[in-house]
Amino acid sequence: MPQKRRAFLKTTTLGLGALSAGTAYSCQGQNPPTNLVTKPIIISTWDHGMAANKVGLDILKNNGTALDAVEKGVIIVENDPKVQTVGLGGFPDREGVVTLDACIMKGDGQCGSVAFLRDIKNPIAVARKVMEETPHIMIVGAGAKQFALEMGFKEENLLTEPSRKKYEEWLKTGIYKPKINIENHDTISTLALDTHGHLAGACTTSGAAWKMHGRVGDSPLIAAGLFVDDEVGAAAATGLGEAVIRTAGSAMVVEAMRHGQSPEEACRSVCLRIKAKHKDISDLQVGFIALRKDGAYGAYSLQPGFTYALGLDDTHELYPATSMF
Ligand code: GLY
């Protein structure tokens, strides 16, 4: 567990200064301590979360909002054509079309989402517009693209040459069998706590590579890919969306924290639930990150290989999540 987290906890007469992160409050049923210092913190899925966190933490340290931090952070990854599971350069579906899914949520319950969006490289920014500019939460497909264009987003080709080549290689067999930690290495999900004590989260992906045209995973679904509640904390998912949706994964992680589980324990309990719902999980990867309202955080995955990035104080670090196997 990251030792730097110790600095995050205020030493109190309750002796909380001896606690470290994530598993610090892992006793089930134990009430989380309430007298922790609120400092900005940002946590993201996977190695590419480092780039998102760098932008997000700067915003947070300037007393910006968690909402701006998570949106501007994940946009960096959406814009990076080398990340082939998010935004520009994402792997296409089996028809060769790149379609994007994203959602964003604030701790007060405000949220927005787009799914099956084509030709717009920043679905997270469109999701924020849905939240802020419409009476709706989710807009999909042609309607989402029409809305994005109306909001001034630029239409562009998202299929890069490297992703097109990979697609052509895949076409030789055409077998859909997601590879854990490789083709589905995966959604960028980012959670942040700002200096005002508010939480927000963002989740954005091109979805499972070579998916059926029209397939939507967990990432744009509030409660599955992302859930945020200022009363408790926030959680987000990565991995095979179908498995996350079956358990309303992120909402369940937040509810487990509400009932006293530590962030890591809450992520683990939903992974156990996913395991129980699948006969064979040898090829199945799902990972969760969680951030509690007092800044405690944790992560857990079914399979090894899932990493999460943490931005706190002046440091950015990447950690392997604890896994079931
Ligand atoms: N978690 C990304 C997806 O399954 O679409």
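As the structure lists them, so they are numbered: ligands from 1, and atoms in each ligand from 1.
Every N/O-N/O distance between Thr238 and ligand 1 stays at or above 3.5 Å. Polar contact check, Leu240 against ligand 1: no nitrogen or oxygen pair lies under 3.5 Å apart. When only interatomic distances are considered, the shortest N/O to N/O separation between Asp101 and ligand 1 does not fall below 3.5 Å.
Short contacts between ligand 1 and Ser219, defined as distances under 4.0 Å to a heavy atom of the residue, involve ligand atoms 1 (N), 2 (C). Against a heavy-atom cut-off of under 4.0 Å, Gly241 is close to the following atoms of ligand 1: 3 (C), 4 (O). Residue-ligand proximity, Thr187 to ligand 1, at heavy-atom distances under 4.0 Å covers atoms 1 (N), 2 (C). With ligand atoms numbered from 1 in the order given, ligand 1 contributes 5 (O) to contacts under 4.0 Å with heavy atoms of Gly217. Less than 4.0 angstrom separates some heavy atom of Gly207 from each of these atoms of ligand 1: 5 (O).
A distance of 10.0 Å separates OG1 in Thr322 from CZ in Arg268, rounded to the nearest 0.5 Å.
Counting heavy atoms under 4.0 Å from ligand 1, residue Asp186 touches it through the side chain alone. Heavy atoms of Ala208 found under 4.0 angstrom from ligand 1 belong exclusively to the backbone. At a heavy-atom distance under 4.0 Å, no atom of Gln285 approaches ligand 1.
Residue Phe91 forms a ring pair (Phe, Tyr, Trp, His ring centres under 6.0 Å) with just one option from Trp210, Trp170, Tyr176, and that option is Trp210.
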Next on the checklist: Using side-chain contact (heavy atoms from CB on, under 4.5 Å), reason through Gln261 and Val253 one step at a time and then give a plain yes or no.
Outcome noted: CA-CA 9 Å; Gln261 290 189 9; Val253 172; over 6 Å; no

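No close placement of the Tyr308 and Trp46 rings is indicated, their centers lying 6.0 Å or farther apart.
In the model, Ser44 has a side-chain atom that pairs as donor or acceptor with a side-chain atom of Thr190 under 3.5 Å. A donor atom on one side chain and an acceptor atom on the other are not found under 3.5 Å apart for Asp101 and Thr205. Asp313 and Thr315 share no donor-acceptor pair across their side chains, judged by distance under 3.5 Å alone. In this structure, a donor-acceptor pair under 3.5 Å is present between the side chains of Thr238 and Asp186.
Using a non-hydrogen distance threshold of 4.0 Å, Arg215 registers as a contact of ligand 1.
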